[in-house]
There are 2 protein chains.
Amino acid sequence: MEPDRELLKGNTPTLVLAVLRDGPMHGYGIAREIERRSNNALKFKEGTLYPALHALERDGMISGVWRKEPGGRDRKIYNISDAGRSFLVERTSAWQSFTTAITSVIGGQDESTSSTVRERLAREFK
Amino acid sequence: MEPDRELLKGNTPTLVLAVLRDGPMHGYGIAREIERRSNNALKFKEGTLYPALHALERDGMISGVWRKEPGGRDRKIYNISDAGRSFLVERTSAWQSFTTAITSVIGGQDESTSSTVRERLAREFK
DNA sequence: CAAGTATACATTGGATTACGATGCATGTCA
DNA sequence: TGACATGCATCGTAATCCAATGTATACTTG
């Protein structure tokens with residue numbers, strides 16, 4: 001019963017694409033940027049990030065190019081593709097309707113609730 | 001790459017508790033109520049619902065009582081406990097900060113972005 | 001200059017979760 | 001009588017996140 005980490009599930013590709021939409025970046029930088037934008041609320045671990053990047057590349061959402069940096073470190077710079085852009089749009093709207101749905105449920109019963117059954121049950125268990 | 005169903009992960013206990021907060025109910029009814037409140041955006045399958053109910057009962061968040069209905073069907077009516085109520089409050093606030101974080105990341109870079117690295121990378125890949 | 005920290009890539013195994021499939025039993029309605 | 005909805009439940013599969021671990025380089029601090 002520790003759903004905190006579970007909340008993230010399914011959102012990783014969307015977050016990565018959202019960062020890449022604003023410009024090319026390498027894996028480590030993407031993780032940093034997500035943490036920064038979310039005020040450290042969202043922290044990406046390597047075990048989460050790299051599999052996600054590989055899957056996105058495999059599916060043609062992003063494309064990575066190896067770069068030899070002057071210092072000597074090798075970096076893989078990722079670019080978002082057209083498919084990635086439209087996928088991001090689709091994911092963003094899915095996220096929006098999802099949050100709306102959750103909020104409606106958490107918010108409580110609305111005025112249209114047929115509360116007869118509920119009231120009867122509440123009475124019986126009083 | 002079909003994260004739709006994954007979005008739900010981690011939210012099931014919260015949704016169940018939110019319904020139960022407004023009154024006792026049996027499993028099937030909880031599923032119906034969640035669908036109704038979310039305008040059918042959220043659909044609960046038995047394979048999701050009953051394990052969640054059992055886990056919540058095991059952890060003392062809810063308590064179930066078997067009822068013999070006049071018709072003959074046996075129902076298990078669930079009540080939320082005090083622990084369940086405070087857990088729900090905690091979960092609700094976690095959900096709120098989580099959506100805020102995701103929205104910030106998806107929304108794009110804010111004005112405080114130090115975009116030097118990004119601009120250099122964008123130039124190099126032009 | 002040695003040691004620690006940060007950068008940057010990556011893999012593996014475990015744990016959790018949602019869901020489709022399936023089963024059983026009863027009540028209702030045409 | 002047969003189809004369908006209600007209502008409980010379990011099992012196996014697939015997906016996902018993350019801690020742990022590994023390699024290697026650069027920078028910083030005592």
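All values derive from a computational prediction rather than experimental measurement. Just so we're on the same page: letters track the sequence lines, and every chain starts at 1.
For His26(A), counting side-chain heavy atoms from C-beta on, the closest listed nucleotide (dA18(C), dC18(D), dC9(C)) is dC9(C). Side chain of Thr48(B), nearest nucleotide from dC19(C), dA10(C), dA9(D): dC19(C). Relative to the side chain of Tyr28(A), the nucleotides dC8(D), dT7(C), dA10(C) differ in distance, and dT7(C) lies closest. For Glu46(A), the listed nucleotide lying nearest its side chain is dA10(C); candidates were dA10(C), dT10(D), dC8(D). Checking dT10(D), dT11(C), dC8(D) against every side-chain atom of Pro51(B), the shortest atom distance belongs to dT10(D).
Residue Glu33(A) contributes atom CD, which lies 16 Å from atom C1' of dT7(C) at whole-angstrom precision. Between the P atom of dT16(C) and the CG atom of Asn11(B) lies a distance of 18 Å, rounded to the nearest Å. Between the CD atom of Glu35(A) and the P atom of dT7(C) there is a distance of 10 Å, rounded to whole Å. Atom pair Lys76(A):NZ and dT23(D):P shows a separation of 21 Å (rounding to whole Å applied). For Leu49(A) and dT12(C), the CG to P distance is 17 Å, given to the nearest whole Å. The NZ atom of Lys45(A) sits 19 Å away from the P atom of dT16(D) (whole-angstrom rounding). Separating the CZ atom of Arg36(A) from the C1' atom of dT7(C) is a distance of 18 Å, rounded to the nearest angstrom. For the pair Phe44(A) CZ and dA10(C) P, the interatomic distance rounds to 16 Å; values are reported in whole Å.
Between the CG atom of Leu20(B) and the CG atom of Leu15(B) there is a distance of 12.0 Å, given to the nearest 0.5 Å. Between the OG atom of Ser93(B) and the CG atom of Leu88(B) there is a distance of 10.5 Å, given to the nearest 0.5 Å.
One finds a side-chain N or O of His54(A) lying less than 4.0 angstrom from the OP1 or OP2 phosphate oxygen of dT11(C). Tyr50(B) has a side-chain polar atom (N or O) that falls below the 4.0 Å cut-off from OP1 or OP2 of dC8(D). For dC17(D), one of the phosphate oxygens OP1 or OP2 lies less than 4.0 angstrom from a side-chain nitrogen or oxygen of Thr12(A).
Between the side chain of Thr103(A) and the main chain of Thr99(A), a donor-acceptor pair closer than 3.5 Å is present.
Residues satisfying the side-chain hydrogen bond (donor to acceptor under 3.5 Å, both in side chains) test with Tyr50(B), not counting sequence neighbours, are none. Here Lys45(A) pairs with nothing under the salt bridge (Lys or Arg N to Asp or Glu O under 4.0 Å) rule; sequence neighbours left out.
Closest non-hydrogen pair, Gly10(B) versus Pro13(B), comes out as O-CD, 3.9 Å.
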**Request:** Go ahead and write out DNA chain C as dot-bracket, 5' to 3': ( ) for pairs within the strand, [ ] for ones crossing earlier pairs, | when the partner sits on another strand, dots for unpaired; Watson-Crick or G-U wobble, both distances under 3.5 Å.
**Result:** ||||||||||||||||||||||||||||||
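The 5' end of DNA chain D is approached more closely, in terms of each residue's nearest nucleotide, by Arg32(B) than by the other of Arg32(B) and Leu53(B).
Within the nucleic acid shown, Gly27(B) comes within 4.0 Å of sugar-phosphate atoms alone, with no base atom in reach, counting heavy atoms only.
The environment of CG in Asn40(B) is crowded: more than 12 heavy-atom neighbours from other residues, nucleotides or ligands sit within 6.0 Å.
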**Request:** Would you sort out whether Arg67(A) and Asp74(A) count as a salt bridge (charged side-chain N to carboxylate O under 4.0 Å, His left out), showing the intermediate values?
**Result:** CA-CA 6 Å; Arg67(A) 301 277 289 170; Asp74(A) 284 357; over 6 Å; no
